[in-house]
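Values below: every heavy atom of this structure, side chains too, minus hydrogens, waters and symmetry copies. Both counts, for ligands and for their atoms, begin at 1 and track the order of listing. Numbering of residues begins at 1 and proceeds along the displayed sequence.
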Amino acid sequence: MKEFVSDVVTIVESPINGFSVEAINGDFQGKDFVSIEQLTSRSEIDRIFEVAEEMEKIVESKKTGDLLKDTTLVEIFYQPSTRTFTSFKAAALWLGCQRVIAEHGMAAYSSTVKGESLPDTIMSLEQTTACDVIVMRHPEDNSAFEAAHFASVPIISGGSGKLEHPTQAVLDLHTIQRCLGRIEGLKVAMLGDLRYGRTVKSLSKLLALVDKDTQLSFVSPEVLKMPESEVSSLESRGLSVYETEDLIEVLPEVDVLYVTRLQKEWFEDQGQLDLYYELEGQYRIDREVMEHAREDMIVMHPLPRVREIAYHVDDDPRSAYFTQMRSGLTTRMALLSLITGKV
Ligand code: NCD
């Protein structure tokens, strides 16, 4: 069971039930990172970016660091992943972590299949591995909060359900800083499956924290709109949010176009595959669409892409979705070091 580490604890509560975690409040050490709402100030973001810059030097030098040499890291994924899984594992290995227990197939091969609960799995892993930190991806919206509640070590979310992907938001913001040289005063359009996608929910809240004057446009088919609760939560933070189905209406203005795929697995889950096939292909970023965009903007995508960005756009200097991933490696190195208290 988690014992909070600060003297004066600020709590961030799960929107789903009573589980809560501590806000970062200027100190990452020993804290979970399961919700972007745990970040409370710009200086915390600056700190992650500052450490990430040091991490970039380690990666460039091609020499393994030693910050995590005495750390034991568990990484458990209950959903498919390429980038998040490999970058967390690589982040630990780049920092000299020799005890990385990384399991990709939890949904198929762990005792979950026999009916074990998530709290039991988490508490067991702490015993079987003697770990210091657990990175987890799970399909339940509330999973990371629940794991954090039952774990005695910090839980870092690598994506939970349809609601949160906090480390993705951090790497996305880092990419914007790297590519545009600023994270304030931005006009950002988020496109695609805003209903089921989790990256857009975490990133929009992070943008709201950085600058209340960020202009956000949510572009999606009516049925895949950003949930009302998310929009009103952003507006209550002072952000202006514009919703439309028409990408070309907003594209000429934006600094960042953040594209997402339709989350087929959730349509399947709801028995709505027909709807998926109806909507799929409605938005496709190609050369013609890019002619409407400014020369100094960037196109981002958390990936995987299915068909929403044509391959020829990869050659457009405005495409940032592959460089985005390198930010994933260095910001995750930074977060692991900060949370384990090694920097
Ligand atoms: C995203 C995710 O898992 O939410 N992928 C990622 O982590 N880069 C996006 C997605 O699956 O569409």
Under 6.0 Å from the six-membered ring centre of Phe77 and within 45° of its axis: does the NZ or CZ of Arg137 meet both?
no
Between [X] and [Y], is any side-chain donor less than 3.5 angstrom from a side-chain acceptor?
X      : Y      : result
Glu44  : Thr40  : yes
Ser160 : Glu140 : no
Arg178 : Ser327 : yes

Answer yes or no for Pro304: is there a heavy-atom contact with ligand 1 below 4.0 Å?
yes
Under a heavy-atom criterion of less than 4.0 Å, does Thr260 contact ligand 1?
no
For the hydrophobic clusters of this structure (ILVMFWY residues joined by side-chain heavy atoms under 4.5 Å, transitively), does one cluster hold both Leu262 and Leu303?
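No, no single cluster joins them.
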Heavy atom of the protein closest to atom 4 (O) of ligand 1 (residue, atom name, distance)
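Protein heavy atom at minimum distance: Arg198 NE, 2.8 Å.
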Looking only at protein heavy atoms, which one is nearest to atom 8 (N) of ligand 1, and how far off is it?
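The closest one turns out to be Pro302 O, 2.9 Å.
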Options Val200, Thr167, Asp172, Leu303, ranked by nearest heavy atom to atom 1 (C) of ligand 1, top entry:
Leu303
Option set Gln168, Glu164, Gln79, Arg261, criterion heavy-atom distance to atom 11 (O) of ligand 1, minimum
Arg261
Under 6.0 Å between ring centres: does that hold for Tyr258 and His301?
no
Do the ring centers of Tyr196 and Phe267 come within less than 6.0 Å of each other?
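Yes, close enough.
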Does any N or O atom in His165 lie less than 3.5 angstrom from one in ligand 1, N or O only?
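The answer is yes, given that His165 and ligand 1 share an N or O pair closer than 3.5 Å.
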Numbering the atoms of ligand 1 from 1, which are under 4.0 Å from a heavy atom of Thr84?
6 (C), 7 (O)
Considering only heavy atoms of Gln263, which atoms of ligand 1 have at least one such atom less than 4.0 Å away?
10 (C), 12 (O)
